[in-house]
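Accompanying notes for the structure given below.
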Amino acid sequence: MSCLSPSTVFLSPFTSISKTTTEEEWISTSLKSPKTQNQLKTLHALIIKAGLTRNDLVFGQLFLCCSISNSMHYARQIFDGINNPKLFFYNAMIKGYSQNGAYYEALQLYSLMRFRAVTCDSFTFPVVLRSVSSSGKIDVGKELHGLVMKMGCGSRVIVQTALIDMYCACGLSTYGRYVFDAVSERDVICWNTMISGYIKCGEYSSAQELFDRMPVRNISSWNTMVDMYCKRGELEMARSLFDAMPERDVISWNALISGYAKTGESDAMRRLFDEMPQKNVVSWNVMITCYVHSRQFMEALELFRMMLVSDVKPNEVTVVGVLPACAHLGALDLGQWVHAYIDRNRVKMDVYVNTALIDMYGKCGSVDDAKRVFNNAVAKDMFLCSTMIEVLGTHGKADEAFSIFDYMRREGIKPNDVTFVGLLKACSHVGLVDTGMKYFQMMSKEFKLMPKVEHYGCVVDLLGRAGHLEEAHELIKNMPMDPHPIVWGTLLSACRIHDNVKLAEEVAVHLIELEPQSCGNYVLLSNIYSKAGRWDEAAKLRRKMKEKGMTKKPGCSSIEVNNVVSEFLAGDRTHPQCKAIYETLDKIIARLKAEGYTPCTSSVLHDVDVDEKEQVLLHHSEKLAVAFGLISTDHKTPIRIVKNLRVCDDCHLFMKMISIYYSRQIIVRDCSRFHHFTDGSCSCSDYW
DNA sequence: GTAGGGTTAG
């Protein structure tokens, strides 16, 4: 007799159980939910011990259990150990691969079946056909169609539906329709498949026509149509269908919400989200991802926090949404927390998650963690490698970026144009002009990738930073496309680094022509004049800006303390600890002035007197953030600040001095690079 | 059959 509960079995994996039908049933039931690798091994051992190895049902279920546990490699180990596997086992394995998105493996196993002359049945075809749909291997699909007819499965609606789906997924809706018309007993699923097949092929009016003709519709039929109109941006149509539905499920709501999300109507989206009767993980994911895409990072994090206290568990898609928000805000602690959450909750660590983690660590200034994630990643693709290259490049680790590129070539991972942006950036940050030019040539010659304006921008930066200003200028003049203002801006920055006022003036003329509204260019030129001691010109420029009614884009700095991100604007008084922050800032200023600090007012554009200028300067957003960091973290914690604009000369000096007199490491990420301030010097060597 | 995901020049 046996009365083992799953928990007792897992406590003592070697418990012997007698061979009774109860055991068989029990094992079958325990194979219905996901298991860890060790639990799977235990169950496998139990099955062998109980002598159930020849039981089709139990074994087939073990494979499917591996599939829902995301352990197909373990299933394959067991499968390969079996002599003459039965049809049922092949079917279970192919289904498992297909459910895990391993379509290639599914099709390979199908080929093996054919090679071993194992006869397929009507369960095999739909699963293999689904793999064909997802991998687009139309030749295999056509061969399968022939086989289906030969085997006499052609009249089964499940198989016919799978054929319709396969043809439409391969872009052959006419073939799909041909099969559809031949189906004698069409069920709703068959109709739905044909409709979504038309949608996949972009034949929307045929889809609508078929929907109108349907004898019976289910919720999915309606959902498909709602989704179709959402994807085409026709929200009124989607909305009226949604309102006309006899009943709605969570998918209907999600479809409509994501429609609003795609058109950026975040208020309408939020109203629906708050209104919906039940939310699932997709509902939360749509919301978080939409906020991230519309750069509302704080809202994204807020929603993630709400999700954690709701009864829905985040999954891998959620973290891929949240991590970029951490990355943009520089919220390293929260990012690390999310990483730990992924490990703790066994969230699937797929290549998307790993890419998002590398990007987050890189953007939060923690290259070593980014490298660790890269090295531990099981699957490495072009996105993952490009992200790693970009991270290493922005942190000045050009050699390591190059070796990732070498790795890609060895492994046959094809780079894309973004990969080269990362490589070129890596070169320009450390001044490797020749290597940069080599990569620039390589992308078109060897990889047939036409350089875009971004690549020209990188090369202008590469040449300009290294002091080859004229060459950079020539390159802009001879570019095959219109130079984007950013390209001119890059050259203007290079002029600033190398104090070339003459070229700067020329470049600024172009820039102001291209972007008359953008004040950044005026600011940069004015700073160049000030630096050269040409105050009159600087003042003239400032007056011009004032006349045009131009206002500077507000500087904004964020800092994370105890998982909470605080944002500061210049002169901001909205923070709850505002009073303490300003008092601390005053004390810091007094102390630094005693140590010889003189505010460097040249970069203040306002036409006001010196005292007022100082006030504006001393309340720059990064100064507020650093003051807040000093009062709310302990002595050893580095202070990490993220700023949306370039750091001004005065703040740069201010941070250097704090790093000496308060013995603090300060890491500031501005809009283009990192500044690591330690013991009074900065990692950018004052070139930024 | 139906909802959600990663890198980009200053």
Side-chain angles (χ1 to χ4, degrees), chain A residues 161 164-165 187-197 199 217-228 230-231 249-259 261 280-290 292-293 315-324 327 348 350-360 362-363 381-391 393 415-422 424-425 428 451-462 464-465 483-494 496 511 520-521 524 645-646 670-673 688:
Chain A
T161 306
I164 296 170
D165 181 52
D187 57 7
V188 195
I189 296 178
C190 186
W191 280 89
N192 287 348
T193 309
M194 191 62 233
I195 291 175
S196 50
I199 296 172
R217 301 183 185 113
N218 64 7
I219 298 190
S220 295
S221 329
W222 288 91
N223 287 346
T224 308
M225 297 310 288
V226 171
D227 180 50
M228 178 184 95
C230 283
K231 287 217 167 96
D249 61 7
V250 66
I251 295 176
S252 331
W253 287 87
N254 288 348
L256 194 61
I257 288 177
S258 79
N280 68 3
V281 64
V282 177
S283 327
W284 289 95
N285 291 349
V286 174
M287 295 293 295
I288 291 173
T289 309
C290 171
V292 171
H293 283 168
N315 66 3
E316 67 278 7
V317 181
T318 323
V319 300
V320 172
V322 174
L323 287 169
K348 195 164 140 198
D350 61 16
V351 64
Y352 290 92
V353 174
N354 280 319
T355 307
L357 279 170
I358 293 172
D359 184 49
M360 181 277 292
K363 290 211 170 81
D381 70 354
M382 182 271 293
F383 281 102
L384 190 98
C385 295
S386 297
T387 308
M388 192 68 233
I389 289 175
E390 139 79 25
V391 166
N416 73 348
D417 54 327
V418 183
T419 319
F420 282 96
V421 170
L424 292 171
K425 232 164 106 174
S428 72
K452 293 184 180 175
V453 66
E454 288 91 334
H455 302 96
Y456 282 94
C458 289
V459 177
V460 169
D461 189 44
L462 178 70
R465 240 179 240 278
H484 188 277
I486 291 180
V487 180
W488 287 111
T490 308
L491 186 56
L492 190 58
S493 301
R496 177 188 178 275
L511 257 175
N521 305 321
L524 208 52
L645 304 173
R646 192 184 287 269
D670 72 10
C671 57
S672 75
R673 64 174 309 149
W688 80 96

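To find a chain, count down the sequence lines: A is the first, B the second, and so on, and within it residues start at 1.
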Exercise. Summarise how protein sits on nucleotides 2-7 of chain B as a single string, 5' to 3': B when a protein heavy atom is under 4.0 Å from the base, S for sugar-phosphate-only contact, - for no contact.
Key: BBBBBB
Practice problem: Could you grab the distance from atom OG1 of A/T490 to atom NE2 of A/H484, nearest 0.5 Å is fine? | Solution: 10.0 Å
Quiz item: Once you round to the nearest 0.5 Å, how far does CD of A/E390 lie from SG of A/C385?
Solution: 13.5 Å
Quiz item: Is there side-chain contact between A/N416 and A/T419, with heavy atoms separated by less than 4.5 Å?
Solution: yes
Quiz item: When the distance from CD of A/E454 to C1' of B/dT8 is rounded to whole Å, what number comes out?
Solution: 6 Å
Practice problem: Take the protein atom CD1 of A/I486 and the nucleotide atom P of B/dT8, then report the distance between them rounded to whole Å. | Solution: 13 Å
Classify [X] by what it touches in the nucleic acid, base, sugar-phosphate, or nothing, heavy-atom distance under 4.0 Å.
X	value
A/N218	base
A/H455	nothing
A/V453	base

Quiz item: Is a donor on one side and an acceptor on the other found under 3.5 Å between the side chain of A/H293 and the backbone of A/A261?
Solution: no
Quiz item: Would you find a donor on one side and an acceptor on the other, under 3.5 Å apart, between the side chain of A/D359 and the backbone of A/G362?
Solution: no
Quiz item: Checking side chain to side chain contact (heavy atoms under 4.5 Å, CB included) against A/L491, which of A/D461, A/L511, A/V460 comes through?
Solution: A/V460
